[in-house]
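The structure under discussion appears below in the form of structure tokens.
Given the structure is predicted, the values throughout are model-derived calculations rather than measurements.
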Amino acid sequence: MTSCLENIQIPPCIWFESEEKRNAVVSMIAGVLFFTGWWIIIDANAKFPSELNGAYHLCGIFGTLSFFMVNSVTNAQMRGDNYNGGCLGTRGARGWLLIGFAMGFAAVIAACWILFANYVTIGDKHNWPGVGLFLQNVFIFLGSLTFKFGRTEDNWN
């Protein structure tokens, strides 16, 4: 029986052969984190539509804007390498990144505040809308950090 299994050859996985695929894998992980965050809040809103205030979705919207703001600035723009565009130059790119990170972190803190102020301390029967809102913003923020710091940049010089 063992001699039959010795002749089976499983081809290697192409995605994980070398370091060249790092950007693709990190992009997929960040996309899954971003998708999971929005899927959780959609589930919470579908299950308990009357207990999740519509204004609470602003946390997720600001987290998503933060995701795009943080990842629109490259590391070359941060260092000032070959960057002569824009009205503020390197300082403008660094300020944009700072505002993006602050907005993402503020979205996580606001979701935590909403969770504890409106669901945990009141002793509501269902805490899932607040937990879902918090998890949404945590996953979006983690996806943003993964996409920003997990990838490597190619030098096109």
Side-chain angles (χ1 to χ4, degrees), residues 15-16 19-156:
W15 280 100
F16 300 109
E19 185 69 23
E20 296 174 3
K21 304 294 182 187
R22 178 179 175 172
N23 287 351
V25 172
V26 167
S27 297
M28 287 188 282
I29 291 170
V32 166
L33 288 170
F34 184 80
F35 167 78
T36 303
W38 277 103
W39 188 262
I40 287 172
I41 198 63
I42 290 169
D43 175 62
N45 197 20
K47 191 162 183 172
F48 303 107
S50 62
E51 295 182 20
L52 192 62
N53 190 355
Y56 295 166
H57 292 294
L58 283 175
C59 294
I61 292 169
F62 279 109
T64 301
L65 285 174
S66 164
F67 182 87
F68 290 120
M69 286 176 71
V70 165
N71 292 299
S72 67
V73 177
T74 64
N75 290 336
Q77 291 171 336
M78 292 294 297
R79 288 188 306 264
D81 297 342
N82 298 331
Y83 183 62
N84 21 338
C87 59
L88 296 176
T90 305
R91 286 186 181 171
R94 290 176 182 163
W96 184 261
L97 186 69
L98 177 69
I99 291 169
F101 275 126
M103 191 182 297
F105 190 67
V108 172
I109 296 300
C112 183
W113 187 341
I114 290 170
L115 168 65
F116 284 102
N118 296 337
Y119 294 100
V120 174
T121 58
I122 293 176
D124 200 10
K125 189 165 91 172
H126 304 289
N127 289 338
W128 175 239
V131 172
L133 182 69
F134 177 70
L135 287 177
Q136 174 205 20
N137 287 286
V138 166
F139 279 126
I140 290 173
F141 192 66
L142 289 177
S144 179
L145 291 176
T146 302
F147 195 72
K148 178 68 180 168
F149 298 114
R151 296 178 301 136
T152 59
E153 291 185 4
D154 297 332
N155 292 328
W156 294 94

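The aromatic rings of Phe105 and Phe141 lie tilted to each other, with the angle between the two planes from 30° to 60°.
Contact detail for Ala107 and Cys59: the closest heavy-atom pair is CB-O, 3.4 Å. The nearest pair of heavy atoms linking Ser72 to Trp96 is OG-NE1, 3.1 Å.
Inter-residue side-chain proximity for Trp128 and Leu135 is flagged as met; some heavy-atom pair is nearer than 4.5 Å. Contact annotation: the side chain of Asn118 never approaches that of Trp113 to less than 4.5 Å [non-hydrogen atoms, C-beta and beyond]. Considering only heavy atoms from C-beta on, Leu33 stays 4.5 Å or farther from Ile140 through its side chain. Using a 4.5 Å heavy-atom cutoff, the side chains of Ile42 and Gln136 are not in contact.
The 12-atom threshold is exceeded at CH2 of Trp38, counting heavy atoms of other residues, nucleotides or ligands nearer than 6.0 Å.
Atom OH of Tyr56 is separated from atom CD of Glu51 by 11.0 Å, given to the nearest 0.5 angstrom. Considering CG of Asn137 and CD1 of Ile41, their distance stands at 8.0 Å, rounded to 0.5 Å. Note that CE of Met69 is 13.0 Å distant from OG1 of Thr64, once rounded to the nearest 0.5 Å. Rounding to the nearest 0.5 Å gives a distance of 6.0 Å between OG1 of Thr152 and CZ of Arg22.
In this structure a side-chain-to-backbone donor-acceptor pair under 3.5 Å is present from Lys148 to Val73. Ser66 places a side-chain N or O within donor-acceptor distance of the main-chain N or O of Gly100, the cut-off being under 3.5 Å.
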When you look at Leu52 and Tyr119, which way does the side-chain contact (heavy atoms from CB on, under 4.5 Å) test go after all the steps? CA-CA 10 Å; Leu52 192 62; Tyr119 294 100; 3.7 Å; yes

Stepwise, does the side-chain contact (heavy atoms from CB on, under 4.5 Å) test hold for Val120 with Leu115? CA-CA 6 Å; Val120 174; Leu115 168 65; 4.1 Å; yes

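Remark: Phe149 engages Phe101, Leu145 in a side-chain contact (heavy atoms from CB on, under 4.5 Å) (not counting sequence neighbours). Under the side-chain contact (heavy atoms from CB on, under 4.5 Å) criterion, Val138 pairs with Val108, Phe134, Leu142, sequence neighbours left out. Listed by chain and residue number, Phe34 satisfy the ring pair (Phe, Tyr, Trp, His ring centres under 6.0 Å) test with Phe67 (two or more places apart in sequence, or in another chain).
Between Arg151 and the options Val25, Thr74, Val26, a side-chain contact (heavy atoms from CB on, under 4.5 Å) holds for only Val26.
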